[in-house]
Visitor: 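Attaching a single structure in structure tokens format; questions to follow.
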Amino acid sequence: MKRGLFRGIGINILLLGIVSFLTDLSSEMMMPILPMFITALGGTAFVVGLIGGLGDSIASILKVFSGYWSDRYGKRKPFVFSGYAVSSVAKLFLAFSTLWQHVLIFRSVERVGKGLRDAPRDAIIADSALTEVRGTAFGIHRAMDTAGAVGGSLLAFLLFWFLGLEFKTIILVCAIIAFFALIPFYRVRETKREPQEIGLSIGFKGLPRRLKGFVLIATTFTLGNFTYMFFILRAQDFFTGVVSERAAFAIPILLYVLYNTVYALFSIPSGMLSDRIGRCQVLLLGYTLFGLTCLGFAFLDSLAAFIVLFTLYGLVYALVEGTQRAFVCDLASEELRGTALGTLHTCISLAALPASLIAGALWQHIDPWTTFVYGCALGLTAAALLKVWLR
């Protein structure tokens with residue numbers, strides 16, 4: 001068995017990391033330009049919230065079903081592969097959007113693909129690592145995933161700033177890269193398992209009480225964790241009129257690169273930290289830091305402030321994303337692991353729609369700073385609830 005960082009880590013995790021690297025290289029070329037693409041097609045702040053929230057919510061309704069089906073039929077790979085394939089095709093159509101309504105449709109379809117793949121893929125990761133290094137395994141996967149995000153967002157900047165490509169052309173390049181991500185997935189080998197007779201218990205029913213409590217806390221956090229698009233728009237709004245129009249588009253992309261870089265660098269250390277001191281302590285830090293970061297976005301508006309705030313935003317995701325998934329795996333029995341992960345994904349993603357709609361309404365009808373005060377309040381509330389739950 002390998003020593004050091006990869007002790008107890010199966011080859012599946014590295015292969016899935018490569019797949020996620022290429023997928024996020026593709027997706028994250030699109031992500032930093034998407035809110036600006038939507039507004040260029042006539043979308044308002046509320047529309048940005050609708051697309052950001054609805055895409056994740058519709059997609060993730062499937063997460064609990066895909067997790068359940070992968071447990072029920074004893075197969076995970078078909079759901080993961082079909083999810084990646086659907087996302088690739090949707091990106092191709094998204095490149096030809098001419099109205100914000102087109103973006104709404106194809107972005108939602110692309111997220112459906114994510115809904116099909118995430119819970120079964122995470123279950124494969126959990127099955128492929130020893131219990132004592134499960135947090136590290138998820139951290140490795142998130143690091144490779146986010147390394148692709150760093151490369152993708154940086155590539156988007158290079159294509160926009162140096163080659164002068166239009167948003168649609170950049171999205172077309174995204175779609176081409178997405179299809180290449182399917183190649184290494186062929187080598188993934190899932191653990192042979194018997195189908196599970198678990199009836200129709202695809203939600204809270206049948207899950208441990210302690211797990212139900214944590215899912216409710218994670219959902220509360222997500223109600224304030226609105227779409228990343230508002231963080232980019234906040235930066236774009238500040239720089240518009242201060243620098244050239246082209247630079248006002250480019251600087252938010254670079255700040256998004258910074259966010260992804262921090263996310264990638266701290267994903268593995270955060271996973272290792274959760275193995276050492278406990279998942280709850282890491283999540284408590286992440287929830288609290290999110291609230292404070294939102295408070296900064298509400299009232300600070302300088303280049304130096306945005307550099308610090310996007311750095312903290314990346315650190316929040318490094319602390320929270322992989323740790324929540326690893327914690328759910330700890331609280332669920334092996335035979336219900338896919339179902340439990342699907343339940344987590346679905347609950348938090350259903351909360352993403354009202355979170356982003358509320359954020360968009362506050363932005364459009366009151367003032368942008370109120371959007372981030374709302375995020376601050378929910379982040380700190382989730383931290384308080386987790387503190388009580390720990391007792």
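Numbering of residues begins at 1 and proceeds along the displayed sequence. Computation of the quantities below employed the complete heavy-atom set of this structure, encompassing side-chain atoms and omitting hydrogens, waters and symmetry-equivalent molecules.
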Visitor: Could you grab the distance from atom CG of L254 to atom CH2 of W161, nearest 0.5 Å is fine?
Guide: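 Result: 9.0 Å between the selected atoms.
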
Visitor: Which pairs pass side-chain hydrogen bond (donor to acceptor under 3.5 Å, both in side chains) with one or both residues in residues 357-370, sequence neighbours excluded?
Guide: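 Pairs touching residues 357-370 that pass the test: T44-Q364, D367-W369.
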
Visitor: Can you confirm whether or not the ring centre of F231 sits under 6.0 Å from the ring centre of F372?
Guide: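 That pair passes the under 6.0 Å test.
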
Visitor: Backbone N or O of L216 within a donor-acceptor pair of the T220 side chain at under 3.5 Å?
Guide: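 Looks like yes, one N/O pair under 3.5 Å.
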
Visitor: Decide whether I358 and L295 are clustered together by the hydrophobic rule: side chain heavy atoms of Ile, Leu, Val, Met, Phe, Trp, Tyr closer than 4.5 Å, transitively.
Guide: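 Different hydrophobic clusters.
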
Visitor: So, does S66 use its side chain to make a donor-acceptor pair with the main chain of D118 at under 3.5 Å?
Guide: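 Looks like no, no N/O pair under 3.5 Å.
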
Visitor: Are any side-chain N or O atoms of T323 and backbone N or O atoms of V320, one a donor and one an acceptor, separated by less than 3.5 Å?
Guide: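 Flag not set: sc T323 to bb V320 has no pair under 3.5 Å.
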
Visitor: Is atom OH of Y186 surrounded by more than 12 heavy atoms (other residues, nucleotides or ligands) closer than 6.0 Å?
Guide: no

Visitor: Look at the side chain of S87 and the backbone N and O of E110, then say whether any donor-acceptor pair between them is shorter than 3.5 Å.
Guide: yes

Visitor: Does atom CD (Q101) have a neighbourhood of more than 12 heavy atoms from anything else shown, all under 6.0 Å?
Guide: yes

Visitor: To the nearest 0.5 angstrom, please state how far the CD1 atom of I176 sits from the OG atom of S88.
Guide: 11.5 Å

Visitor: How many angstroms lie between OG in S108 and CZ in R111, if you round to the nearest 0.5 Å?
Guide: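 Going from the OG atom of S108 to the CZ atom of R111 covers 10.0 Å.
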
Visitor: Using every non-hydrogen atom in the two residues, find where R107 and I51 come nearest and quote the distance to one decimal.
Guide: CG-CG2, 3.8 Å

Visitor: Should we count CZ of F266 as having more than 12 external heavy atoms under 6.0 Å?
Guide: no

Visitor: So, for G314 and V262, which heavy atoms are closest and what is the spacing to 0.1 Å?
Guide: C-CG1, 3.9 Å

Visitor: Distance from I124 atom CD1 to R121 atom CZ, nearest 0.5 Å?
Guide: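 It comes to 9.5 Å.
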
Visitor: What is the distance from atom CZ of R76 to atom CG of N12, rounded to the nearest 0.5 Å?
Guide: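 R76 CZ to N12 CG: 11.5 Å, rounded to 0.5 Å.
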
Visitor: Is a side-chain N or O of S82 found less than 3.5 angstrom from the main chain of F79, in a donor-acceptor match?
Guide: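 Checked: pair present.
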
Visitor: Go through the steps to decide whether N260 and Y313 satisfy the test side-chain hydrogen bond (donor to acceptor under 3.5 Å, both in side chains), and finish with yes or no.
Guide: CA-CA 9 Å; N260 276 322; Y313 189 43; over 6 Å; no

Visitor: Hey, any chance L233 and L357 share a hydrophobic cluster, counting ILVMFWY side chains that come within less than 4.5 Å of each other, even indirectly?
Guide: yes

Visitor: Which heavy-atom pair separates A264 from A147 by the least distance, and what is that distance?
Guide: CB-N, 3.8 Å

Visitor: Report yes if some heavy atom in the side chain of V257 is under 4.5 Å from a heavy atom in the side chain of T261; otherwise report no.
Guide: yes

Visitor: Using the ring of each side chain (for Trp, its six-membered ring), is F226 parallel, tilted or perpendicular to F230, with breaks at 30° and 60°?
Guide: perpendicular

Visitor: Under 3.5 Å, is there a donor-acceptor pair between the side chain of S302 and the main chain of A305?
Guide: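 Such a contact is found between S302 side chain and A305 backbone.
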
Visitor: Rounded to the nearest 0.5 Å, what's the gap from CZ on R117 to CG on D122? Could you check?
Guide: 10.5 Å

Visitor: Do any N or O atoms from the side chain of T23 and from the backbone of A181 form a donor-acceptor pair under 3.5 angstrom?
Guide: no

Visitor: Side chains of F37 and K168, heavy atoms from C-beta outward: is any pair under 4.5 Å?
Guide: yes

Visitor: Measure the shortest side-chain to side-chain distance between Q281 and L390 over non-hydrogen atoms and say whether it is less than 4.5 angstrom.
Guide: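 Yes. Closest side-chain heavy atoms under 4.5 Å.
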
Visitor: If every non-hydrogen atom of L386 is compared with every non-hydrogen atom of L284, which pair is closest and at what distance?
Guide: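 Shortest heavy-atom separation between L386 and L284 comes out as CD2-N, 3.5 Å.
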
Visitor: Hey, what's the ring geometry for F160 with F167, parallel, tilted or perpendicular (30° and 60° as the breaks)?
Guide: parallel

Visitor: Near F81 CZ, under 6.0 Å, is it more than 12 heavy atoms from other residues, nucleotides or ligands?
Guide: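 Incorrect, the count does not exceed 12.
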
Visitor: Does a salt bridge link R325 with E321, judged by any charged N lying under 4.0 Å from a carboxylate O?
Guide: yes

Visitor: Is the number of heavy atoms from other residues, nucleotides or ligands within 6.0 Å of CZ (R189) greater than 12?
Guide: yes

Visitor: Look at the aromatic rings of F327 and W389 and report parallel, tilted or perpendicular, splitting at 30° and 60°.
Guide: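 Perpendicular: the ring planes of F327 and W389 meet at over 60°.
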
Visitor: Y228: what forms a ring-ring contact (aromatic ring centres under 6.0 Å, His included) with it, not counting sequence neighbours?
Guide: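 Here the qualifying residues are Y256.
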
Visitor: Can you get from L99 to M229 by hopping between Ile, Leu, Val, Met, Phe, Trp and Tyr side chains that sit under 4.5 Å apart?
Guide: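 As far as the 4.5 Å side-chain criterion goes, M229 and L99 are not connected within one cluster.
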
Visitor: Go through the steps for L289 and L315 under the test side-chain contact (heavy atoms from CB on, under 4.5 Å), then give the verdict.
Guide: CA-CA 9 Å; L289 187 60; L315 182 57; 3.7 Å; yes

Visitor: Just wondering, do V373 and F299 contact through their side chains at under 4.5 Å, heavy atoms?
Guide: yes

Visitor: List the steps and the verdict of ring-ring contact (aromatic ring centres under 6.0 Å, His included) for F310 and F297.
Guide: CA-CA 9 Å; F310 272 91; F297 270 100; 5.3 Å; yes

Visitor: Hydrophobic clusters here meaning ILVMFWY residues chained together by side-chain heavy-atom distances under 4.5 Å, can you tell me if L116 and L92 are in one?
Guide: no

Visitor: Between I251 and V243, is any pair of side-chain heavy atoms under 4.5 Å apart?
Guide: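 Yes; the side chains approach each other to less than 4.5 Å.
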
Visitor: Test side-chain contact (heavy atoms from CB on, under 4.5 Å) on F185 and L15; report intermediate values, then the result.
Guide: CA-CA 7 Å; F185 184 75; L15 288 172; over 6 Å; no

Visitor: Begin from the C-alpha positions of F221 and I217 and carry the test side-chain contact (heavy atoms from CB on, under 4.5 Å) through to its verdict.
Guide: CA-CA 6 Å; F221 170 72; I217 293 170; 5.9 Å; no

Visitor: Answer yes or no: is there a donor N or O on one side and an acceptor on the other, between the side chain of T227 and the main chain of G49, under 3.5 Å?
Guide: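 Between the backbone of G49 and the side chain of T227 there is no qualifying donor-acceptor contact (under 3.5 Å).
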
Visitor: So, is the end of the K91 side chain (NZ or CZ) under 6.0 Å from the ring centre of F106 and within 45° of the ring's axis?
Guide: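 Ring-cation test returns no.
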
Visitor: Report yes if the side chains of F214 and C280 come closer than 4.5 Å at any heavy-atom pair, otherwise no.
Guide: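 No, every pair of side-chain atoms sits at 4.5 Å or beyond.
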
Visitor: Run the salt-bridge test on D237 and R234 with the 4.0 Å N-O cut-off and return the result as yes or no.
Guide: no

Visitor: State yes or no: do Y287 and V388 share one hydrophobic cluster built from I, L, V, M, F, W and Y residues joined by side-chain heavy-atom distances below 4.5 Å, directly or via other members?
Guide: no

Visitor: I need the minimum non-hydrogen distance between S153 and V150, along with the two atoms involved.
Guide: OG-O, 3.1 Å

Visitor: Please, which pairs that meet salt bridge (Lys or Arg N to Asp or Glu O under 4.0 Å) have at least one residue in residues 257-285, sequence neighbours excluded?
Guide: D275-R279, R279-D330

Visitor: Quick check: does any side chain N or O of S20 sit under 3.5 Å from a backbone N or O of D145, one acting as donor and the other as acceptor?
Guide: no

Visitor: Please check if atom NZ in K387 has more than 12 non-hydrogen atoms from other residues, nucleotides or ligands closer than 6.0 Å.
Guide: no

Visitor: Mind listing the closest non-hydrogen atom pair of F306 and L255 along with its distance?
Guide: CB-CD1, 3.9 Å

Visitor: Let me see the working for F162 and F157 under side-chain contact (heavy atoms from CB on, under 4.5 Å), right down to the final yes or no.
Guide: CA-CA 8 Å; F162 291 103; F157 171 76; 4.1 Å; yes

Visitor: Please check if the side chain of S356 supplies one atom and the backbone of L353 the other of a donor-acceptor pair under 3.5 Å.
Guide: no

